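Below: one structure, written as structure tokens.
Computation of the quantities below employed the complete heavy-atom set of this structure, encompassing side-chain atoms and omitting hydrogens, waters and symmetry-equivalent molecules. Counting starts at 1 for both ligands and their atoms, following the listed order. Source: prediction; values computed, not measured.
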Amino acid sequence: MSPKVAVVTGSNSGVGLAIVRALCKHFGENGAVYLTARNEERGMQAVEVLKKEGLNPRFHLLDVNNVTSMEKLRDDIKTEHGGVDILVNNAGIAYKGNDTPMCEQAAGSIKTNYHGVLLMTDTFLPIIRDGGRITHIASLVAPMAYYKMSEELQQRFKDVSTVAGVTDLMNEFIEATKIGDHVKKGWSDWAYGTSKLGVAALTKVQGENMSKDTSKKDVLINCCCPGYVETGMTAHHSGAQKRLTPDQGADTPVYLSLLPAGTTDLQGKLLSKRKVKNFFEEDIRPITFN
Ligand SMILES: NC(=O)c1ccc[n+]([C@@H]2O[C@H](COP(=O)([O-])OP(=O)(O)OC[C@H]3O[C@@H](n4cnc5c(N)ncnc54)[C@H](OP(=O)(O)O)[C@@H]3O)[C@@H](O)[C@H]2O)c1
């Protein structure tokens, strides 16, 4: 039996590292699980952590802001394994505090959190095998940002039906933050939330497109929220809300990555705690993370 091949972006720490751990445990000798990082030293340190636990991830450099880096990983995997079975688009950034101007936060968040996901998916789709599972790590901040928007913008996110249309919405937000009238135009004042809303809308469109794509069999694209997880991203947060461990946060991403063959009801969805959150179709407020 050929090994299952999995790629997890931004997996040198936090939720991504925990996803690699869970996939390595699941597949054992029957898997080739790629822990990827944009920094070789941090990546190799993470590999060592898992090796000490008796696991055997592979390592590859990958910067999701760099298409050449994505193509190198894709081509190396194609040469060695012929294709990929699981792709988890986990890499993400969040600005801490308000020191960075809003227009920079908008451009930076959307570059990594939205375009990183879109470009990785487009780069890897040609080598995703039948039965493949593509999972983007979005967040429940996506519906939160959505509910903070004007009704007109909400309708546009509901109606958007092409990838170019979602990208146009992301660009429109960036341009409005440059002028500084994004709130007046109905956007939320929240770069991270808007970038994750972009991922949720992208997933919806990618799922619809995949359902019509006869060149692939049984390939599912979904996104999820890992919960509120104790990681480098949330380390500066204070407050009483309990945080999950990274291994707990990996549960829904791993569930989606291992959906059994022939699953038909999960395509283009946002999930939290293994449950679909259809916020484009119904009001899911109040939103609780854990
Ligand atoms: N923690 C939460 O409560 C929470 C809640 C909802 C959603 N999420 C999402 O979960 C995902 C994982 O976040 P986390 O909480 O585990 O935070 P984290 O520990 O900070 O992990 C983020 C990872 O993304 C990597 N990364 C950032 N930019 C990259 C790039 N250009 N190329 C490749 N890797 C890059 C980081 O690498 P470096 O070490 O090199 O920076 C790091 O390994 C993110 O998408 C985040 O938005 C987290």
Quiz item: Should E281 and K204 be marked as a salt bridge (Lys or Arg N to Asp or Glu O under 4.0 Å) after you check the CA-CA gap, both sets of side-chain angles, and the distance that decides it?
Solution: CA-CA 12 Å; E281 285 99 48; K204 179 177 67 120; over 6 Å; no
Quiz item: What is the ring orientation for W187 with F173, classed by angle as parallel under 30°, tilted 30 to 60°, or perpendicular over 60°?
Solution: tilted
Just let me know how [X] lines up against ligand 1, side chain, backbone, both or neither, with a heavy-atom cut-off below 4.0 Å.
{"X": "Y192", "answer": "side chain"}
{"X": "K196", "answer": "side chain"}
{"X": "R42", "answer": "side chain"}

Quiz item: Can a non-hydrogen atom of A138 be found less than 4.0 Å from any atom of ligand 1?
Solution: yes
Cluster question for you: counting only ILVMFWY and a side-chain heavy-atom cut-off of under 4.5 Å, with indirect links fine, are [X] and [Y] together?
{"X": "I86", "Y": "L55", "answer": "yes"}
{"X": "L256", "Y": "I137", "answer": "no"}
{"X": "I287", "Y": "F279", "answer": "yes"}

Quiz prompt | ILVMFWY cluster membership beyond I127 - transitive side-chain contacts under 4.5 angstrom | solution = V5, V7, Y34, L62, V64, V67, M70, L73, I77, V84, L87, L119, M120, F124, L125, I128, I134, M210, V219, I221
When you measure from [atom] to each heavy atom in [options], which option holds the nearest one?
{"atom": "atom 21 (O) of ligand 1", "options": "G14, S11, S13", "answer": "S13"}
{"atom": "atom 48 (C) of ligand 1", "options": "P253, A142, P226", "answer": "P226"}
{"atom": "atom 4 (C) of ligand 1", "options": "G43, A235, S139, G227", "answer": "G227"}
{"atom": "atom 33 (C) of ligand 1", "options": "L62, T9, N39", "answer": "L62"}
{"atom": "atom 12 (C) of ligand 1", "options": "T234, N90, V8", "answer": "N90"}

Quiz prompt | Nitrogen or oxygen of A37 less than 3.5 angstrom from that of ligand 1 | solution = no
Quiz item: Does the pair K178/E104 count as a salt bridge with the N-to-O cut at 4.0 Å?
Solution: no
Nearest to [atom], what protein heavy atom do you find, and at what distance?
{"atom": "atom 23 (C) of ligand 1", "answer": "G10 O, 3.4 Å"}
{"atom": "atom 32 (N) of ligand 1", "answer": "V64 N, 3.0 Å"}
{"atom": "atom 13 (O) of ligand 1", "answer": "M233 CE, 3.9 Å"}
{"atom": "atom 15 (O) of ligand 1", "answer": "T231 OG1, 2.6 Å"}
{"atom": "atom 10 (O) of ligand 1", "answer": "I137 CG2, 3.3 Å"}
{"atom": "atom 16 (O) of ligand 1", "answer": "V15 N, 2.8 Å"}
{"atom": "atom 37 (O) of ligand 1", "answer": "N12 OD1, 3.5 Å"}
{"atom": "atom 41 (O) of ligand 1", "answer": "R38 NH2, 2.7 Å"}

Check residues 142-150 and write down every donor-acceptor pair under 3.5 Å in which the side-chain atom is one partner and the other belongs to a residue at least two apart or another chain.
{"unit_1": "Y147", "atom_1": "OH", "unit_2": "I284", "atom_2": "N", "d": "2.9"}
{"unit_1": "S150", "atom_1": "OG", "unit_2": "L153", "atom_2": "N", "d": "3.2"}

Numbering the atoms of ligand 1 from 1, which are under 4.0 Å from a heavy atom of [X]?
{"X": "I93", "answer": "27 (C), 28 (N)"}
{"X": "Y228", "answer": "3 (O)"}
{"X": "G232", "answer": "19 (O)"}

Practice problem: Please assess D247 against T245 for the test side chain to side chain donor-acceptor pair (under 3.5 Å), listing each intermediate value before the final yes or no. | Solution: CA-CA 5 Å; D247 290 327; T245 65; 5.2 Å; no
Self-check item: N/O donor-acceptor pair under 3.5 Å between R274 side chain and D251 backbone
Solution: no
Quiz item: Taking atom OH of Y114 and atom CE of M170, what is their separation to the nearest 0.5 Å?
Solution: 7.0 Å
Practice problem: Apply side chain to side chain donor-acceptor pair (under 3.5 Å) to the pair Q206 and H136, showing each step before the final yes or no. | Solution: CA-CA 11 Å; Q206 288 175 325; H136 312 323; 2.7 Å; yes
Quiz prompt | Heavy-atom check, side chain of H115 versus side chain of I110, under 4.5 Å | solution = yes
